[in-house]
Amino acid sequence: MTGQDETESALKLRDSAFSAMENAYAPYSKFRVGAAVRTSTGIIVSGCNVENAAYGEALCAERTAIAAAVARGMRDFEEIAIASESDTPAAPCGACRQTMSEFAPNLKVTSYAKNGKKVTWRLGQLLPDAFTSKHLSGRT
Ligand code: THU
């Protein structure tokens, strides 16, 4: 990808995350979040947070996006964009970091605030020394 294509694809991913945010079901927290993942073949799949009257059953946007992509047969992710209505780009929660790490340990994670602020991390920064399938196979 050239620099220009890279910027264009990042903006497209950002826009998909913001448009998924419009579908968020967040009547309890009133904190709407959207996320969009891009696969290595350039396909974008999005998700939003889905809350529940049983508060602890809330699903985060990042995990609904990843689950939707996996359900469509995609597991090779290059980047995830997160969009929220906060003034500060939202950092993904621990459970979402762990889910990302299952498929893409070095995923590029970019989070956008509504006011245009953004932060980009690599997943290795957000979740160093992750628990992985290697640990499971290390049992004696
Ligand atoms: N939430 C997300 O969807 N993603 C995040 O990265 C942080 C939190 C959701 C969960 C819940 O529906 C609401 O935001 C408030 O925590």
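Counting starts at 1 for both ligands and their atoms, in listed order. Every heavy atom of this structure was used, including side-chain atoms; hydrogens, water molecules and symmetry mates were not.
- Residue contact annotation: Ala91 has a non-hydrogen atom under 4.0 Å from ligand 1.
- For atom 9 (C) of ligand 1, the nearest non-hydrogen atom of the protein is Asn49 ND2, 3.6 Å.
- At a distance under 4.0 Å, no protein heavy atom can be found next to atom 7 (C) of ligand 1.
- The local environment of CD in Gln125 is crowded, with over 12 non-hydrogen atoms from other residues, nucleotides or ligands closer than 6.0 Å.
- Interface atoms of ligand 1 facing Glu51, defined by a heavy-atom separation under 4.0 Å, are 11 (C), 12 (O), 13 (C).
- Between Ala58 and ligand 1, no pair of N/O atoms sits closer than 3.5 Å.
- In Arg75, the CZ atom is not crowded: 12 or fewer heavy atoms of neighbouring residues, nucleotides or ligands sit closer than 6.0 Å.
- If you check each of Arg97, Glu62, Arg32 against atom 5 (C) of ligand 1, the one with the closest non-hydrogen atom is Glu62.
- Close contacts between ligand 1 and Ser29 involve ligand atoms 13 (C), 15 (C) [criterion: under 4.0 Å to a heavy atom].
- The nearest heavy-atom contact from the protein to atom 3 (O) of ligand 1 is Ala61 N, 2.9 Å.
- A distance of 7.0 Å separates CD1 of Ile66 from CG of Leu107, quoted to the nearest 0.5 Å.
- The backbone N or O of Leu127 lies less than 3.5 Å from no partner atom in the side chain of Arg97, so there is not a single donor-acceptor pair.
- Residue-ligand proximity: Pro92 is placed with a non-hydrogen atom under 4.0 Å from ligand 1.
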- Worked check of side chain to side chain contact (heavy atoms under 4.5 Å, CB included) between Glu62 and Ile82: CA-CA 7 Å; Glu62 297 89 322; Ile82 304 163; 3.6 Å; yes
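- Taking hydrophobic clusters as Ile, Leu, Val, Met, Phe, Trp and Tyr residues chained together by side-chain heavy-atom distances below 4.5 Å, Val50 does not share a cluster with Ile80.
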